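Reviewing the structure listed below.
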Amino acid sequence: MIRVKRNNDNSDIMKLSTDILDRRNIIDLLATEGDARKTLFETAANVRRENVGNIVYFRGLIEFSNRCHKNCLYCGIRSGNRKVLRYNLSDDEIVNAAMFANDNGYGSIVLQSGELKGMQFTKRIEKLLKRIHIATNDKLRITLSCGEQDREVYKRWFDSGAKRYLMRIETSNQILYARLHPGDGKHSFKERINCLNILRETGFQTGTGVMIGLPFQTTGDLADDLLFLKNNDVVMIGMGPYLEHMDTPLYRYRSQLIPPEERLDLTLKMIAILRIMMKDVNIAATTALQTIDKLGREKAIMVGANVIMPNITPGLYRNDYSLYDNKPCTDENPEDCKTCLEARIAITGNTIAYGEWGDSAHYSS
Ligand code: SAM
Ligand code: SF4
């Protein structure tokens, strides 16, 4: 049981069951301040320690191509942004990055790109998955994050050795989704959900998530997002603040956004509440959090997150995977990121689980 005082008002104490939170409870928790906020964070930290331990898993993130046929209105690498220098890592560069992860005990990698479709892309990923498994003696858990694909494509990639897939729904509010994407037939909320279901049916450990602090988004939307995650029984979750990019259509709404420090606070509360609602899932401390606050990821770990995705994309390409303005670590090489992360995680009192796949306890349970 968590006792929550809303807005620091002693007369307004709610008793909430820590795992059966309804929409109203969540909205209240998202508004907590002062002692009540502290209680929320402490409860989440306890739930995390008891259920997944004070352990952080690393996923080496390889942003292998910024080519994309989609045009999401918030994303810096959308196809309509002609200012982006498009790149596509060679197969050797990707396999080398995977070997770097393996040699450094990361246990797991994420291959992420813009959304590309077609037989050539399908076969390329298949070939890469097989090459990486051979080069690393099957030691790496491989996650893909390459957007919406047909059932057969997902099946081929699963059979070639990818066992996890990340695809955010961005928001659970279908109307808001439509405002964040062009109505050109390529950006359908229903299709996104359909793909998530197919991924699960195919056997993938499926991850999803949302952006926080989007224009037009309400606290009720965020509560619905958490309920969506809980009801859909996902095992990996990545939630980060929405960050504006000046070369995107959504930039024109920047004056309507909540300030960055409030976006950070809301994201931390979302993570804390999610940890209380979904005790044994893997929750990522996202790079976007680090952009909004230099210690944003560490703060997320302290309130419930247990996964960090060090960027191991070769430094040369990082500036061109700019989803939002001021993305951090774009000038650094993978070794720099590893060293700085080790020091950062030590401050949170957590241990890095080197050499482990770090499957979600929820998946294996
Ligand atoms: N193309 C794939 C897809 O969309 O699923 C994977 C790569 S995409 C760049 C990964 C995630 O980046 C998106 O799901 C979205 O949540 C996030 N993202 C894109 N633009 C963002 C922004 N301006 N602020 C915060 N996150 C953003
Ligand atoms: Fe492409 Fe993903 Fe960016 Fe949308 S969010 S434009 S699908 S890279």
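Counting convention: from 1, in listed order, for ligands and their atoms alike. Predicted, not measured: the structure shown is a model, and the values here were computed from it.
Contact annotation: for Ala288 versus ligand 1, there are no heavy atoms closer than 4.0 Å.
Atom 6 (S) of ligand 2 is flagged as protein-proximal [any protein heavy atom, distance under 4.0 Å]. Less than 4.0 angstrom separates atom 11 (C) of ligand 1 from none of the non-hydrogen atoms of the protein.
In this structure, Asp247 contributes its side chain and Gly76 its backbone to no donor-acceptor pair below 3.5 Å. Checked by atom type and distance alone, the side chain of Asp280 never pairs as donor or acceptor with a backbone atom of Asn51 at under 3.5 Å.
Each of the following atoms of ligand 1 lies closer than 4.0 Å to a heavy atom of Arg192: 3 (C), 4 (O), 5 (O). The distance from ligand 1 to the heavy atoms of Tyr321 drops below 4.0 Å at these ligand atoms: 7 (C), 9 (C). Heavy-atom contacts of Ser113 reach the following atoms of ligand 1: 1 (N), 2 (C), 6 (C), 7 (C) (cutoff under 4.0 Å). If you number the atoms of ligand 1 from 1 as listed, the ones under 4.0 Å from a heavy atom of Ser145 come out as 6 (C). Each of the atoms 25 (C) of ligand 1 lies under 4.0 Å from some heavy atom of Pro241.
Cation-pi geometry between Lys163 and Phe158 is met: under 6.0 angstrom from the ring centre, within 45 degrees of the axis. For the pair Arg254 and Tyr251, the cation-pi test (distance below 6.0 Å, angle within 45°) is passed.
Looking at Glu244 and Tyr74, their side chains never bring a donor and an acceptor atom within 3.5 Å of each other. No donor-acceptor contact under 3.5 angstrom links the side chains of Asn81 and Arg86, judged on distance only. A side-chain donor-acceptor contact under 3.5 Å links Thr218 and Asp221. Of the N and O atoms on the side chains of Arg124 and Asn88, at least one donor lies less than 3.5 Å from an acceptor on the other residue. Residues Ser90 and Asp92 bring no donor and acceptor atom of their side chains to less than 3.5 Å of each other. Between the side chains of Ser108 and Arg164, a donor-acceptor pair is found at a separation under 3.5 Å. No side-chain donor from either of Asp224 and Ser172 sits under 3.5 Å from a side-chain acceptor of the other.
The heavy atom nearest to atom 15 (C) of ligand 1, out of those in Arg78, Glu170, Lys70, is found in Glu170.
Protein heavy atom nearest atom 20 (N) of ligand 1, with residue, atom name and distance: Tyr74 CD1, 3.4 Å. The nearest heavy-atom contact from the protein to atom 17 (C) of ligand 1 is Arg168 NH1, 4.0 Å. Given atom 9 (C) of ligand 1, the protein heavy atom at minimum distance is Leu323 CD2, 3.3 Å. Atom 26 (N) of ligand 1 has as its closest protein heavy atom Met211 SD, 3.4 Å. Ranking the protein heavy atoms by distance from atom 23 (N) of ligand 1 puts Leu243 O, 2.7 Å first.
Comment: Lys70 engages Glu148 in a salt bridge, judged by a side-chain N to carboxylate O separation of less than 4.0 angstrom. Look at Arg200 and Asp233 and you find no salt bridge, because none of the NZ, NE, NH1 or NH2 atoms lies under 4.0 Å from a carboxylate O.
Near-neighbour remark for atom 1 (Fe) of ligand 2: protein N, O or S atoms under 2.8 Å are Cys68 SG; waters not counted.
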